[in-house]
Amino acid sequence: MVALQDVSLGLEEGVFAAVTGASGSGKSTLLNLLGGLDTPTSGTIEVRGRKISEMSREELSLYRRSGVGMIFQSFNLIPGFSALENVALPLMFAGVTKRERRNRAGEVLAQVGLGARIAHRPSELSGGEQQRVAIARALVNRPRVLLADEPTGNLDSRTSREIVTLLAVLNRDQGLTVVMVTHEESLAREFAGRGVRLSDGKVQAEERWR
């Protein structure tokens, strides 16, 4: 089975793009390819002038660590770690000093509205707060591209709006390129500037919403 076929797509830097489509249409595969988690069997993938489809395993690891941030439907937080420790973890793998890890993790948690919750563990946080921690973790290495795979899938409608609003603010105020996979097209249309609809592994439609 081919997950994606004959996909030709270009997204300008600084865009907030929403990728929609039915389950099995190839949305998550597209995001995984952009994030360097999957390797294409053919074709070229270029992100900010870098051909990630031609990178070695070591180059892809560095790209995932510093070039791109990823958030998922499941928050993937470590239960025994505080919010601060969860966010700081990627910096440890990057060789950042403990003091700098704490400072940067605290800064991004404040940025996503959790400055007062840094000592709380995931079980002490609401679903929306856990997703904000996951967003902060994706931002702590200061990427220029943020990939979000169904970030509102486990959240209620009010919290979903808060999370998508946060992504829109990061896009607007920091120039962060955001590519979000979602089933909530109406919410995406309200906040995203570009829409891409997939069907059976192909781009069915591209729209500019604003």
Side-chain angles (χ1 to χ4, degrees), residues 16 18-20 23 27-29 31-32 34-38 61 64-143 145-171 173-174 176 178-188 190-192:
F16 184 175
V19 181
T20 62
S23 296
K27 302 187 303 298
S28 292
T29 299
L31 219 62
N32 287 342
L34 292 174
L37 297 175
D38 291 340
S61 178
R64 288 192 297 267
R65 194 162 61 219
S66 60
V68 64
M70 297 192 73
I71 57 176
F72 303 92
Q73 179 175 338
S74 54
F75 314 127
N76 296 330
L77 302 178
I78 298 176
F81 280 19
S82 68
L84 186 76
E85 291 167 335
N86 267 286
V87 173
L89 189 60
L91 296 175
M92 183 176 70
F93 296 121
V96 177
T97 65
K98 184 176 181 179
R99 180 176 181 180
E100 179 67 8
R101 293 199 302 266
R102 292 184 63 86
N103 288 341
R104 282 171 57 177
E107 287 173 4
V108 290
L109 281 166
Q111 185 181 342
V112 300
L114 290 179
R117 309 283 278 173
I118 62 173
H120 290 66
R121 291 187 170 90
S123 61
E124 301 169 319
L125 301 171
S126 68
E129 288 173 331
Q130 290 183 61
Q131 189 60 291
R132 285 173 181 266
V133 173
I135 293 172
R137 182 183 56 196
L139 295 174
V140 76
N141 270 325
R142 299 169 179 163
V145 178
L146 181 65
L147 306 176
D149 193 358
E150 295 284 1
T152 63
N154 288 328
L155 305 175
D156 59 54
S157 58
R158 180 183 63 81
T159 309
S160 294
R161 174 174 288 275
E162 291 177 356
I163 293 300
V164 178
T165 299
L166 174 59
L167 296 180
V169 169
L170 291 169
N171 166 254
D173 293 352
Q174 297 186 19
L176 189 67
V178 179
V179 183
M180 177 181 70
V181 162
T182 183
H183 280 100
E184 300 186 69
E185 185 168 338
S186 60
L187 188 60
E190 187 175 345
F191 291 96

Minimum heavy-atom separation for Gly69 and Pro143, please, with both atom names.
N-CB, 3.6 Å
Straight-line distance of Glu150 CD to Phe72 CZ, nearest 0.5 Å
12.5 Å
Which heavy atom in Gly127 sits nearest to a heavy atom in Phe75, and how many Å separate them?
O-CZ, 3.5 Å
Leu139 and Leu176: side chain to side chain contact (heavy atoms under 4.5 Å, CB included), yes or no, with the steps?
CA-CA 10 Å; Leu139 295 174; Leu176 189 67; 3.6 Å; yes
Can you find a pair of side-chain heavy atoms, one from Asp149 and one from Met70, that are under 4.5 Å apart?
no
Atom CG in Asn171, atom CG in Leu167: separation rounded to 0.5 Å?
9.0 Å
What I'd like to find out is whether the side chain of Leu187 reaches to under 4.5 Å of the side chain of Thr182, using heavy atoms alone.
no
Return the CZ to CD distance between Phe191 and Glu184, rounded to the nearest 0.5 Å.
11.0 Å
If you count every heavy atom of other residues, nucleotides or ligands that lies below 6.0 Å from Arg65 atom CZ, does the total exceed 12?
yes
Taking the side chain from Glu85 and the backbone from Ser82, do they hold a donor-acceptor pair closer than 3.5 Å?
yes
Before giving the answer on side chain to side chain contact (heavy atoms under 4.5 Å, CB included), spell out for Arg117 and Glu124 the whole-Å C-alpha distance, their side-chain angles and the decisive distance to 0.1 Å.
CA-CA 9 Å; Arg117 309 283 278 173; Glu124 301 169 319; 5.5 Å; no
Side chain to side chain contact (heavy atoms under 4.5 Å, CB included) partner of Arg137, the single match among Ile71, Leu89, Leu77
Leu77
Mind listing the closest non-hydrogen atom pair of Leu109 and Val133 along with its distance?
CD2-CG2, 4.3 Å
Let me confirm one number: the CD-NE2 distance from Gln130 to His120, rounded to the nearest 0.5 Å.
12.0 Å
Is there a donor-acceptor pair closer than 3.5 Å between any side-chain N or O of Gln131 and the backbone N or O of Pro151?
yes
Going from CZ on Arg132 to CG on Leu114, what distance comes out if it is rounded to the nearest 0.5 angstrom?
6.5 Å
Between Val108 and Ala136, which heavy-atom pair has the shortest distance, and what is it?
CG2-O, 3.7 Å
Measuring from atom CG of Asn86 to atom CD1 of Ile118, what distance do you get when rounded to the nearest 0.5 angstrom?
13.0 Å
Work out which heavy atom in Gly106 is nearest to a heavy atom in Leu84; give both atom names and the distance.
N-CD1, 3.5 Å
Begin from the C-alpha positions of Met180 and Thr152 and carry the test side chain to side chain contact (heavy atoms under 4.5 Å, CB included) through to its verdict.
CA-CA 10 Å; Met180 177 181 70; Thr152 63; 5.6 Å; no
A side-chain contact here means heavy atoms from C-beta on lying under 4.5 Å apart; do Ile163 and Ile135 qualify?
yes
Would you say Leu166 and Val112 make side-chain contact, with heavy atoms under 4.5 Å?
yes
Thr159 and Ser126: side chain to side chain contact (heavy atoms under 4.5 Å, CB included), yes or no, with the steps?
CA-CA 10 Å; Thr159 309; Ser126 68; over 6 Å; no
Correct closest heavy-atom pair for Pro79 and Pro122 would be O-CD, 3.5 Å
Keeping Asn154 on the side-chain end and Gln73 on the backbone end, is there a donor-acceptor pair under 3.5 Å?
yes
